[in-house]
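Only one structure is covered here, and it is reproduced in the block below.
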Amino acid sequence: MIAAKGYAVHSQTDKLAPWNFERRNVGPKDVLIEILFSGICHSDIHQVRSEWGPARYPMVPGHEIVGRITEVGSEVTKFKVGQLAGIGCMVDSCKECPTCRGGQEQFCEKGETVWTYNSVERDKKTPTYGGYSNKIVCTEEFVVGVSEKLPLAGVAPLLCAGITTYSPIKRWGITKGHKVAVLGLGGLGHMAVKFAVAFGADVTVLSTSPSKEADAKKLGAHHFVITKNPQELAKYANHFDYIIDSVSAPHDYETYLKLLNVNGVHICVGLPPEPLKFPGSALMRGNRAITASSIGGIEETQEMLDFCAEHDIVSEVEVININYVNEAYERVLASDVKYRFVIDMDTV
């Protein structure tokens with residue numbers, strides 16, 4: 001076994017604190033990565049606090065991982081020692097079912113998707129530990145290559161926030177000529193703006209916060225609408241081809257569905273705690289649709305990272321030492337970060 005160290009919780013009421021543990025030895029198809037940066041995702045907080053159902057403790061969170069490969073197994077063909085690499089939300093799957101073979105390992109039909117933390121390996125007993133640590137072992141099929149051209153701290157959140165917003169943009173073919181609204185300008189929303197602009201769409205940010213207008217324009221948005229202003233919002237009735245909804249708090253879907261043009265699509269990438277509620281007429285008037293999108297598969301994640309390297313796209317981040325992580329969690333909950341915290345793992 002390989003000695004590792006990180007930050008963990010041992011119950012849902014714990015604060016994150018130093019913890020020594022072990023990783024498995026490097027197998028024939030594995031790579032060992034020295035973790036350099038690990039992003040903080042809102043879902044880390046939910047899982048640490050067991051808000052999404054029973055959690056596995058001890059828990060080392062983190063699924064936005066970038067680092068450098070320090071060892072490869074004897075049968076590894078895709079990576080070499082010294083190469084930059086990343087790991088996102090999952091570290092294994094059955095790799096055999098039609099869904100996995102089709103590049104959507106996150107929806108493995110056998111239910112064998114292995115999440116980066118708060119999960120178990122395919123042996124059904126070995127716990128997985130995430131990126132708030134100094135090293136990680138992973139099968140090469142679930143590792144992605146990272147360009148040397150981009151600042152690594154800004155790359156880390158691409159492994160979750162990036163792919164979560166890139167995937168639906170590609171799926172729905174959003175491109176030049178489309179009018180796209182991004183609802184909410186946070187960790188997910190700011191990446192949706194960057195990607196939609198890069199694909200050539202006319203982008204409007206919908207926000208309750210007038211103070212975010214300057215940031216929206218800096219990120220590339222062409223327009224900014226304050227959603228608390230009914231008169232301003234009314235100007236955009238039947239206007240958008242797509243709305244990318246990054247809001248995770250309860251909100252009025254009918255208000256935003258009315259902003260869609262005929263055949264418009266409302267895409268949810270945020271995950272509110274309550275069921276979605278809206279009248280069916282809000283969809284039927286105009287053949288509108290509402291859908292949702294999760295992360296992408298490994299192939300699409302690599303495609304996204306290559307796109308980011310080509311277009312110089314990274315997340316806007318605040319880099320912190322790991323001993324600040326508990327304070328960072330509270331600031332995430334207060335929406336007090338622009339726009340993603342990333343832990344410098346040299347400080348572990």
Can [X] and [Y] be counted as an ion pair, charged N to O under 4.0 angstrom?
X: Asp30; Y: Arg24; answer: yes
X: Glu140; Y: Lys78; answer: no
X: Lys125; Y: Glu121; answer: no
X: Arg331; Y: Glu327; answer: no
X: Lys110; Y: Glu96; answer: yes

Are [X] and [Y] in one and the same hydrophobic cluster, where Ile, Leu, Val, Met, Phe, Trp and Tyr link if side-chain heavy atoms are under 4.5 Å apart?
X: Leu185; Y: Leu183; result: no
X: Ile226; Y: Val182; result: yes
X: Val342; Y: Tyr329; result: no
X: Val144; Y: Ile69; result: no
X: Ile33; Y: Val114; result: yes

Least distance between heavy atoms, [X] atom then [Y] atom:
X: Leu259; Y: Thr255; result: CG-O, 3.7 Å
X: Ile40; Y: Ala328; result: CD1-CB, 3.9 Å
X: Val269; Y: Thr164; result: CG1-O, 3.7 Å
X: His222; Y: Ala201; result: CE1-O, 3.2 Å
X: Arg23; Y: Ser133; result: NH2-OG, 2.8 Å
X: Ile343; Y: Asn321; result: CG2-C, 4.4 Å

So does [Y] get a backbone contact from the side chain of [X], meaning a donor-acceptor N/O pair under 3.5 Å?
X: Ser246; Y: Gly270; value: no
X: Asn326; Y: Leu16; value: yes
X: Asn261; Y: Gly264; value: no
X: Thr165; Y: Gly162; value: yes
X: Ser119; Y: Thr128; value: no
X: Ser167; Y: Ile163; value: no
X: Ser50; Y: Gly53; value: yes
X: Gln83; Y: Lys80; value: yes
X: His190; Y: Glu316; value: yes

For [X] and [Y], which I'm curious about, is there any donor-acceptor pair between the side chains at under 3.5 Å?
X: Tyr339; Y: Glu318; value: no
X: Gln106; Y: Ser294; value: no
X: Asn238; Y: Arg288; value: yes
X: Asp245; Y: His251; value: yes
X: Ser209; Y: Ser211; value: no
X: Gln302; Y: Asp306; value: yes

Does the side chain of [X] reach to within under 4.5 Å of the side chain of [Y], using non-hydrogen atoms?
X: Arg56; Y: Pro127; answer: no
X: Arg285; Y: Leu257; answer: no
X: Glu64; Y: Arg340; answer: yes
X: Asn323; Y: Thr347; answer: no
X: Gln47; Y: Pro61; answer: no
X: Ile65; Y: Thr116; answer: yes
X: Val247; Y: Cys268; answer: no
X: Leu276; Y: Ile290; answer: yes

Rounded to the nearest 0.5 Å, how far does [atom2] of [Y] lie from [atom1] of [X]?
X: Thr227; Y: Asp252; atom1: OG1; atom2: CG; answer: 10.5 Å
X: Ile295; Y: Glu300; atom1: CD1; atom2: CD; answer: 10.0 Å
X: Arg101; Y: Lys95; atom1: CZ; atom2: NZ; answer: 13.0 Å
X: Lys194; Y: Phe199; atom1: NZ; atom2: CZ; answer: 14.5 Å
X: Glu148; Y: Leu84; atom1: CD; atom2: CG; answer: 4.0 Å
X: Ser293; Y: Ile244; atom1: OG; atom2: CD1; answer: 9.5 Å

Task: Member of Tyr242, Trp172, Phe240 meeting the ring-ring contact (aromatic ring centres under 6.0 Å, His included) criterion with His178 - done: Tyr242

Open item on the list: As a test of understanding, state which of Tyr57, Phe21, Trp19 forms a ring-ring contact (aromatic ring centres under 6.0 Å, His included) with His10.
Closed with: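 Exactly one candidate clears the test, Trp19.
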
Task: Verdict with reasoning, Glu112 to Ser93, per side chain to side chain donor-acceptor pair (under 3.5 Å) - done: CA-CA 5 Å; Glu112 294 184 10; Ser93 75; over 6 Å; no

Task: From Ile87, Ile136, Asn134, residue fulfilling side chain to side chain contact (heavy atoms under 4.5 Å, CB included) relative to Ile35 - done: Ile136

More than 12 foreign heavy atoms under 6.0 Å from [atom1] of [X]: is that the case here?
X: Met1; atom1: CE; result: yes
X: Lys217; atom1: NZ; result: yes
X: Asp336; atom1: CG; result: yes
X: Lys258; atom1: NZ; result: no

Task: side chain to side chain donor-acceptor pair (under 3.5 Å) evaluation trace for His223 with Asp202 - done: CA-CA 8 Å; His223 318 281; Asp202 184 79; 3.0 Å; yes

Open item on the list: Go through it in stages, so that I can follow the logic: the residues are Asp123 and Thr126, the test is side chain to side chain donor-acceptor pair (under 3.5 Å), and I'd like the CA-CA distance, side-chain angles, deciding distance and then a yes or no.
Closed with: CA-CA 7 Å; Asp123 64 10; Thr126 304; 2.5 Å; yes

TODO: Dump the intermediate steps for ring pair (Phe, Tyr, Trp, His ring centres under 6.0 Å) on Tyr7 and Tyr132, then the final yes or no.
DONE: CA-CA 6 Å; Tyr7 266 48; Tyr132 296 10; 8.2 Å; no

Open item on the list: Tyr117 vs Asp44, test: side chain to side chain donor-acceptor pair (under 3.5 Å). Steps then yes/no.
Closed with: CA-CA 9 Å; Tyr117 69 93; Asp44 294 345; 2.6 Å; yes

